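Worksheet: one structure, shown below.
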Amino acid sequence: MSSEMEHRFRTNLLEWGKENRREYPWREPDRTLYEVFIAEFFLTQTPADNVAGVYPRFLERFPTLEELAEASEHELVEVIEPLGFQNMRAEALKQIASTYDHLPTEPESLMELPRVGRYVANATLCFARGDRLPVLDRNVERVYSRVFRDAWPETEADQLAFTQRLVPDDARAYNLALLDFGALVCQTEPLCEQCFANEYCVYFQKSRRSA
DNA sequence: GTCCAGAAGC
DNA sequence: GCTTCTGGAC
């Protein structure tokens, strides 16, 4: 796999992101670490539009980790009920708020919180602070496994290393663009005709175009 | 009823 | 690192 192709993809993706980035309340500038964390915590397995529906109300009611700690689990369930997973999520949030004064800023430490894995930890720190971390979910995995095909590794550890190398200094712009690209263009049924990568994407070149 | 996606458990 | 869990989506 040529590094030229990686460079091309990175450049094209950043360019695409400038025009196509989706706007969500949690992507507004100057969101606190807590505010971004809450969004990413809810965004796993929950459509963004759904999260957008309760996000403002949640932050109004629990603006900081300190105020979240004052809430009862029942109050939490009430507010996040439309999202689903409300009991699991309320229990975890309650535990987090009652254990921590501040959210950790190291990914490994964030991952020690209940219901917080690699995706939520890296996404939170990248989007809130610009930390140059690889953000890896199913969308991202689908994108890379198509564009780079055989060069895309199988194990999660290798995939994180692969992704890490591509993340530029503006990690926030890159990772946001990557998630949006996976959701809007390189979706399960990909829109290859309108894709900036179709000249070099291995999936398109080797199988879809001739199909 | 089956599939999915991220986290947790082993 | 593989399997199980959760519970929403289809």
Side-chain angles (χ1 to χ4, degrees), chain A residues 22 24 26-27 33-55 57-58 65 68 73-100 103-128 131 133-148 150-164 166-167 171-172 174-191 203:
Chain A
R22 294 177 294 181
Y24 290 111
W26 50 88
R27 292 183 173 185
L33 182 62
Y34 167 77
E35 288 167 344
V36 175
F37 170 78
I38 290 299
E40 294 304 331
F41 187 83
F42 289 155
L43 282 167
T44 64
Q45 285 147 305
T46 305
D49 291 345
N50 207 346
V51 175
V54 313
Y55 190 69
R57 209 173 332 129
F58 184 94
L65 195 60
L68 184 63
E73 207 170 306
H74 177 71
E75 285 178 286
L76 286 176
V77 171
E78 255 180 16
V79 177
I80 69 179
E81 191 275 332
L83 299 178
F85 299 100
Q86 62 278 134
N87 294 321
M88 252 173 40
R89 283 166 159 164
E91 186 184 2
L93 285 176
K94 183 75 194 129
Q95 196 181 325
I96 290 166
S98 56
T99 310
Y100 290 82
L103 294 173
T105 54
E106 288 298 322
E108 312 299 333
S109 311
L110 253 193
M111 285 171 66
E112 289 171 17
L113 314 201
R115 307 306 310 176
V116 176
R118 176 61 71 189
Y119 170 80
V120 171
N122 284 11
T124 297
L125 294 174
C126 178
F127 298 147
D131 292 359
L133 294 164
V135 169
L136 185 59
D137 70 354
R138 301 291 177 172
N139 289 303
V140 173
E141 190 180 358
R142 188 178 57 251
V143 170
Y144 283 136
S145 68
R146 281 176 179 159
V147 176
F148 298 103
D150 296 343
W152 178 243
E154 298 208 338
T155 69
E156 192 203 9
D158 290 343
Q159 290 175 352
L160 284 166
F162 185 103
T163 310
Q164 175 76 76
L166 272 87
V167 179
R172 186 175 189 274
Y174 180 84
N175 281 322
L176 287 175
L178 192 55
L179 293 176
D180 287 351
F181 175 69
L184 297 175
V185 180
C186 200
Q187 46 200 351
T188 307
E189 282 302 322
L191 308 175
Y203 170 74

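Since we're looking at a predicted model, the values are computed, not measured. Proteins come first, then strands; the chains are lettered A, B, ... in the order of their sequence lines, and each starts at number 1. As a basis for the values below, the full set of heavy atoms in this structure was taken, side chains included, without hydrogen atoms, waters or symmetry mates.
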### Query
Do Tyr55(A) and Tyr24(A) have their ring centres less than 6.0 Å from each other?
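They do not qualify: ring centres at least 6.0 Å apart.
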### Message
Could you check whether Tyr144(A) and Phe162(A) have their ring centres less than 6.0 Å apart?
### Response
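So the answer is yes for these two rings.
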How many whole angstroms separate atom [atom1] of [X] from atom [atom2] of [N]?
X         : N      : atom1 : atom2 : result
Leu179(A) : dG6(B) : CG    : C1'   : 14 Å
Leu43(A)  : dG6(B) : CG    : P     : 11 Å
Arg142(A) : dC3(B) : CZ    : C1'   : 15 Å
Asp137(A) : dC4(B) : CG    : C1'   : 13 Å
Met111(A) : dG9(B) : CE    : P     : 13 Å
Glu112(A) : dG9(B) : CD    : C1'   : 17 Å
Ile96(A)  : dA7(B) : CD1   : P     : 12 Å
Phe42(A)  : dT6(C) : CZ    : C1'   : 16 Å

Please report the closest heavy-atom contact between [X] and [Y], naming both atoms and the distance.
X         : Y         : answer
Trp152(A) : Ser145(A) : CD1-CB, 3.4 Å
Asn122(A) : Pro107(A) : OD1-CB, 3.5 Å
Val167(A) : Leu133(A) : CG2-O, 4.1 Å

### Query
Under a 4.0 Å N-O cut-off, is there an ion pair linking Arg146(A) with Glu141(A)?
no
### Query
Is the shortest heavy-atom distance from the side chain of Leu65(A) to the side chain of Leu103(A) under 4.5 Å?
yes
### Message
Please confirm whether the shortest side-chain N or O distance from Arg118(A) to OP1 or OP2 of dG6(B) is below 4.0 Å.
### Response
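Answer is no, no contact under 4.0 Å.
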### Query
From the list dA8(B), dA9(C), dG6(B), which nucleotide is the closest neighbour of the side chain of Arg138(A)?
dG6(B)
### Query
Looking at DNA chain B, which of residues 74-88 of chain A put a heavy atom within less than 4.0 Å of it?
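Result for residues 74-88 of chain A: none.
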### Query
Toward the 5' end of DNA chain B, which comes first, Arg115(A) or Thr188(A), by nearest nucleotide?
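Between the two, 5'-proximity favours Thr188(A).
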